[in-house]
Amino acid sequence: MSTRKYFGNWGGSYIPEALHETFRQLDIAYQQIRNDPAFWDEYTALMSTYSGRPTPLTHAENLSNHFGGAQIYIKREDLNHTGAHKANNVMGQGLLVKRMGKTRVIAETGAGQHGIATATMAAKFGLECTVYMGEEDVLRQRPNVFWMEKMGTTVVPVMDGSKTLKDAINEAFRDWVTNMDNTHYVFGTACGPAPYPEMVSWLQSIIGQEAAEQIVSQHGKLPARVYACVGGGSNSLGIFQRFLEEEQTELVGVEAGGHGLDSSQHAARLCGNDASAGIAQGYKTMFLQNDDGQMLDTHSVSAGLDYIGVSPILADLWEKKAVRFEAATDQEVIEALDLTMRKEGIIPALESAHALVQAFKEAPELSKDEAIIINMSGRGDKDIFTIAHAYDDPSWKEFIIDRAAQYRK
Amino acid sequence: MSTRKYFGNWGGSYIPEALHETFRQLDIAYQQIRNDPAFWDEYTALMSTYSGRPTPLTHAENLSNHFGGAQIYIKREDLNHTGAHKANNVMGQGLLVKRMGKTRVIAETGAGQHGIATATMAAKFGLECTVYMGEEDVLRQRPNVFWMEKMGTTVVPVMDGSKTLKDAINEAFRDWVTNMDNTHYVFGTACGPAPYPEMVSWLQSIIGQEAAEQIVSQHGKLPARVYACVGGGSNSLGIFQRFLEEEQTELVGVEAGGHGLDSSQHAARLCGNDASAGIAQGYKTMFLQNDDGQMLDTHSVSAGLDYIGVSPILADLWEKKAVRFEAATDQEVIEALDLTMRKEGIIPALESAHALVQAFKEAPELSKDEAIIINMSGRGDKDIFTIAHAYDDPSWKEFIIDRAAQYRK
Amino acid sequence: MKLEELIRQRKTDKDILLMTHIVLGYPSFETNREVIREMVENGVDCIEMQIPFSEPMADGPVILKANQDSLARGTTIENCLNFGAEMCSTHDISFLYMTYYNIVYKYGEQRFLDQAVKAGIQGLILPDLPPEEGADLCKKAKQKGIAPIMIYSPTSTNERMEELADYGAGFVYCTARKGVTGSHSKLDSDFKSYLERCRRATSLPLAVGFGIQNRNDIEVLIGAADMGVVGSQTIKLVDQHGSEAVGPFIKELFGNT
Amino acid sequence: MKLEELIRQRKTDKDILLMTHIVLGYPSFETNREVIREMVENGVDCIEMQIPFSEPMADGPVILKANQDSLARGTTIENCLNFGAEMCSTHDISFLYMTYYNIVYKYGEQRFLDQAVKAGIQGLILPDLPPEEGADLCKKAKQKGIAPIMIYSPTSTNERMEELADYGAGFVYCTARKGVTGSHSKLDSDFKSYLERCRRATSLPLAVGFGIQNRNDIEVLIGAADMGVVGSQTIKLVDQHGSEAVGPFIKELFGNT
Ligand SMILES: Cc1ncc(COP(=O)(O)O)c(C=O)c1O
Ligand SMILES: Cc1ncc(COP(=O)(O)O)c(C=O)c1O
């Protein structure tokens with residue numbers, strides 16, 4: 001097989017000439033691993049001994065009973081080493097880097113999860129590592145920065161533009177066009193120039209492969225619906241791909257509705273009205289941009305979903321109506337989080353809680369012998385600063401104030 | 001089989017008369033599950049679908065090469081749901097509670113890990129839950145308190161005594177002698193009155209069972225040594241038990257050396273000179289106490305190891321020299337943590353890092369074809385406040401000060 | 001004379017006896033001294049002197065705090081034993097030691113009992129030492145004329161009560177309810193039938209404690225038990241109004257107003 | 001006249017040509033106007049006018065900031081196109097648009113080219129549009145007499161250079177080094193052999209940009225390339241010393257001191 005550059009009208013590889021040769025070599029290396037069954041074996045072995053795969057599929061009995069409809073199953077990407085599905089992609093690219101013989105990796109990160117995963121992989125594989133992170137995100141996600149640094153990674157705060165994920169991506173590309181000889185850019189989601197969308201989706205497809213086997217063995221048949229949150233699209237594609245050809249399974253991607261689709265403070269590219277086709281960051285997709293083609297500021301309670309673009313593969317599946325897209329507001333997300341913690345003792349990442357919102361809305365419509373799967377892309381304890389803040393928790397505030405007083409002395 | 005109350009000279013059941021009947025019933029219920037193979041199946045199934053067991057055994061190749069001796073393998077209890085081995089014991093006791101038909105659980109917690117695990121289990125099993133936590137620990141571990149509360153648990157700060165774990169245990173017993181009719185006390189470690197030491201160790205034995213199978217399949221033979229940190233003793237017994245009869249495997253328990261064994265600021269009960277036999281909190285073991293039998297203040301950088309007592313089962317194995325005990329100082333712990341993060345991309349809990357310290361000291365003595373296993377009882381990201389503090393990280397301090405400033409407005 | 005006999009003797013003159021409780025060294029040994037004098041002068045029959053322990057698992061907030069404060073002031077076991085000897089030789093009522101087992105264990109069972117005997121102590125209450133664990137200590141104590149006090153709880157079955165009776169001497173301490181010392185107990189019909197169960201299980205005198213706070217509570221006990229036990233309430237009283245408030249309080253408990 | 005011919009014509013009188021760069025709307029269109037006048041008066045041959053984009057992936061810190069500031073001041077594409085038309089009609093040198101592909105795509109390729117032609121723009125530089133993605137746009141541009149400028153990089157292979165040459169017109173923009181705009185380039189022997197590879201790959205004139213900052217750099221180019229390109233350096237100059245510093249700087253680059 002060879003790499004698909006376009007997915008319907010979307011995708012491509014809009015890169016500066018300086019990277020042309022780098023991408024040509026990356027594509028060759030990617031095709032080699034893709035066509036080498038030994039690679040997938042090496043990959044799954046690594047994920048098994050290092051990251052705890054297969055991750056479980058948990059039957060959320062209490063939530064199922066609470067909604068009185070479909071049996072709710074949760075795919076537990078939170079139990080991956082580093083706490084999110086991001087590890088899948090990163091460890092896979094780590095093996096690729098080893099094959100390519102490069103000695104340094106760079107990455108962008110928004111929520112910090114991909115940065116943590118890359119720092120982890122770099123430590124494990126003995127690679128030098130620089131992570132670009134928007135200054136806003138550095139401020140929001142200081143604990144992640146701390147851990148990245150402790151694992152030996154250099155975290156560079158990006159002061160340009162909106163100081164978030166997209167700016168970190170630009171900055172990573174700027175690094176790459178200078179240092180491509182020894183450096184691989186570990187792209188964090190199923191976006192960017194080819195072959196990234198396909199490669200990242202492929203590495204993440206391990207999620208859906210496991211989930212399909214698990215649901216059949218635990219529930220007896222395939223699910224009626226599969227829900228996943230959609231930032232760049234990697235966790236959703238990771239679980240969706242396996243079910244694309246399954247007639248009985250409907251796929252639902254959930255975007256960040258922020259303060260509501262009409263508020264212009266959201267990050268809905270496929271289910272809202274504020275996005276349009278465009279080309280940026282090396283690929284063509286639906287972007288949140290103005291009429292001049294300038295990218296807009298986005299908003300979400302979750303740092304991992306507030307990205308301007310979306311995987312070209314998802315744009316294609318959207319256009320072909322193979323995946324349905326919905327949005328969850330910040331408020332709904334906090335409520336779903338709350339319910340999931342209380343009912344199941346599980347703390348979803350704010351990103352993942354978007355998928356829960358939509359699943360909870362629809363579960364009652366389905367009969368009790370149907371199953372739905374929610375891809376829980378990550379764990380929420382990393383989000384303590386955001387979540388405690390969102391809850392406006394007084395003793396948390398007091399705790400922080402006390403700590404600060406100690407530090408100010 | 002029936003419950004062992006004594007282990008050599010240690011153990012017993014020193015409980016107020018009000019709890020006599022409760023313990024009799026608990027013991028019967030425990031013997032039932034212990035003798036019912038279906039229970040173990042139910043338990044392992046639950047741990048597999050909910051908590052991600054079996055946890056991996058990771059070959060730490062970089063650390064192995066760094067020390068140039070034994071092959072270092074890490075048992076990854078950090079990948080359990082809630083981030084530590086504590087989940088094993090708690091979920092098992094949860095199943096027991098269901099069988100006993102009780103509707104409420106209580107627990108003590110020091111580091112907060114056991115509290116989080118119990119809150120999680122209570123949410124999952126629909127039980128009311130109160131967790132007692134020394135006020136000192138509440139202050140040190142506010143994030144854990146936050147999550148417990150969000151899962152519906154009432155966290156009661158204990159203001160008495162040294163305001164740490166032992167006081168939380170006393171307070172939990174005080175609750176229990178009032179509410180035993182509907183309440184089960186989920187003891188968090190292999191201490192306390194019989195049947196807790198045996199029961200908790202049995203539930204934790206899943207660690208060693210998995211590890212033995214894994215090391216044989218990954219390394220080809222049993223390990224030369226197994227290392228575990230020793231607080232109350234549950235994670236160490238969890239991994240040690242399976243290897244007790246194996247001649248070729250030496251077992252090493254690592255206690256909290258704090259500022260050094262001579263500093264009287266430590267929590268070494270078995271490898272130091274400051275502990276003596278005593279009876280408290282319902283059982284007989286080696287306690288850190290003065291000549292009058294009053295318990296001493298302990299110290300450790302890790303909130304989970306600074307306990308005055310130790311499992312009576314370990315006291316027995318210590319006396320019989322079946323397990324060797326060592327101590328790791330706070331300083332050594334931070335160094336081992338640092339190295340493990342940089343070399344393997346793994347963030348051990350401060351508790352677990354004690355085991356790493358000793359393993360790192362001894363690995364070079366062993367030949368490259370020998371394996372050692374370190375039980376990594378939990379993940380360290382929960383410890384951000386302690387670890388960032390221990391590193392005296394300036395940008396962390398700045399972050400906290402900024403946050404506090406926002407909250408003070 | 002043995003504790004049981006002393007109790008029976010005193011009981012011939014009174015419809016109910018009274019045992020009070022102090023925590024040694026709290027708020028100070030001087031105050032202990034005064035409080036005990038007030039108690040004795042006002043007719044208290046037995047006093048349990050609690051040797052403080054850092055982990056008083058069976059005690060509620062008031063006594064817990066008293067234990068901790070006493071230790072924080074530096075109270076040692078030697079202080080306590082000396083004070084106990086002094087009280088026994090000063091006052092002609094029955095003194096008992098109450099503490100947790102570790103205190104006795106660390107001091108040495110034999111040594112502890114010898115000291116207690118020498119001082120004139122008549123009984124020993126160890127709430128965390130069930131006779132299964134303390135059979136030997138019970139036997140040794142009895143041999144030396146110190147009564148090992150058994151504790152009954154509403155959760156104790158009839159069989160269990162009978163079993164305990166065999167180990168005990170002096171009297172049986174019946175806790176009025178589940179839980180720890182301190183809060184007030186409801187002395188209702190359940191309580192009555194519990195006391196009947198106690199009475200059937202042992203021929204020893206019955207003392208009732210945990211949350212006995214006033215004359216009303218004592219009145220409920222008359223006829224059903226031999227002795228009322230007042231613990232936390234006197235500590236609170238002394239904390240708030242000083243040792244001179246103890247006399248009137250005891251008077252009131254005895255119905256002598 | 002077509003860009004390539006214009007360049008060859010100007011080159012008959014000079015040993016090296018000069019292309020300069022401005023970011024439209026930064027710091028303001030008024031300043032752009034003055035700067036361009038200074039450039040033209042001092043003999044600059046081509047000016048690339050960058051239409052700002054929010055994601056200027058191939059630009060270094062100076063131009064990046066200029067893009068953002070211009071947008072923050074409210075610069076629209078209409079402003080830029082109007083200004084472009086004004087410049088073309090005011091000054092008799094070659095003007096090119098430089099921007100990222102999304103700007104052209106969103107405006108509409110056809111519409112954008114029509115406007116450019118109407119204005120008199122002679123070339124178009126789109127650093128994120130490789131000809132694989134932009135073959136059609138290249139063709140349409142050429143048909144309308146607007147030169148699609150191809151970019152060579154030291155990482156381009158000989159085959160790649162030849163391939164690119166076919167799509168381009170006007171001249172080829174050879175980046176002096178890897179990386180983004182802004183920092184100084186080492187124009188060493190590697191650079192020389194890179195330029196020789198460029199020369200062999202295409203018959204189009206060669207422009208060399210990225211990090212060309214002073215007369216020394218320009219001198220290295222004489223004989224090896226047809227045109228030097230100065231970008232970030234003029235922006236920094238204007239930021240620090242105002243538009244009146246541009247004339248002397250250009251003079252110096254040409255060696256006219
Ligand atoms: C936990 C988690 N879920 C989801 C996402 C969104 O990314 P994607 O759509 O690529 O899965 C992120 C991104 O950081 C994340 O951290
Ligand atoms: C991660 C971790 N490891 C170890 C311990 C020590 O307990 P134990 O000795 O019972 O395993 C704790 C206790 O809280 C813990 O949280």
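All values derive from a computational prediction rather than experimental measurement. Per chain, numbering begins at 1; letters A, B, ... match sequence-line order.
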Where along residues 80-96 of chain B does a heavy atom come under 4.5 Å of chain A, listed by residue number?
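Within residues 80-96 of chain B, the residues that come under 4.5 Å of chain A (heavy atoms only) are B/Asn80, B/His81.
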
Find the one option among [options] whose heavy-atom pairs under 4.5 Å with chain A are most numerous.
| options | result |
| --- | --- |
| B/Glu398, B/Arg379, B/Glu344 | B/Arg379 |
| B/Ser51, B/Ala123, B/Gly52, B/Ala119 | B/Ala123 |
| B/Glu149, B/Met121, B/His59, B/Arg342 | B/Arg342 |

Using 0.5 Å steps for rounding, measure from the CD atom of A/Gln406 to the CD1 atom of B/Ile401.
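So the gap between those two atoms works out to 10.5 Å.
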
Between atom CG of B/Asp381 and atom CG of A/Asn144, what is the distance when rounded to the nearest 0.5 Å?
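Here the interatomic distance stands at 9.0 Å.
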
Side chain / backbone / both / neither for [X] at chain A, heavy atoms under 4.5 Å:
| X | value |
| --- | --- |
| B/Ile74 | neither |
| B/Leu337 | neither |
| B/Ser395 | both |
| B/Leu79 | both |
| B/Tyr391 | side chain |
| B/Ala388 | both |
| B/Ser48 | backbone |
| B/Lys150 | both |

Please determine whether the number of non-hydrogen atoms from other residues, nucleotides or ligands lying under 6.0 Å from atom NE2 of B/His219 exceeds 12.
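Count over threshold, so yes.
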
Can you say whether the rings of B/Phe146 and A/Trp396 are parallel (under 30°), tilted (30 to 60°) or perpendicular (over 60°)?
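Correct class here is tilted.
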
[X] (side chain) donor-acceptor with [Y] (main chain) under 3.5 angstrom:
| X | Y | value |
| --- | --- | --- |
| A/Arg76 | B/Tyr50 | yes |
| A/Thr49 | B/Pro56 | no |
| B/Asn62 | A/Lys124 | yes |

Partner chain B: residue of A/Thr55, A/Val145, A/Ile346 with the largest heavy-atom pair count (under 4.5 Å):
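The answer is A/Ile346.
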
For chain B, which candidate among A/His389, A/Gln218, A/Gln214, A/Arg53 shows the most heavy-atom pairs at distances under 4.5 Å?
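Heavy-atom pairs under 4.5 Å are most numerous for A/His389.
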
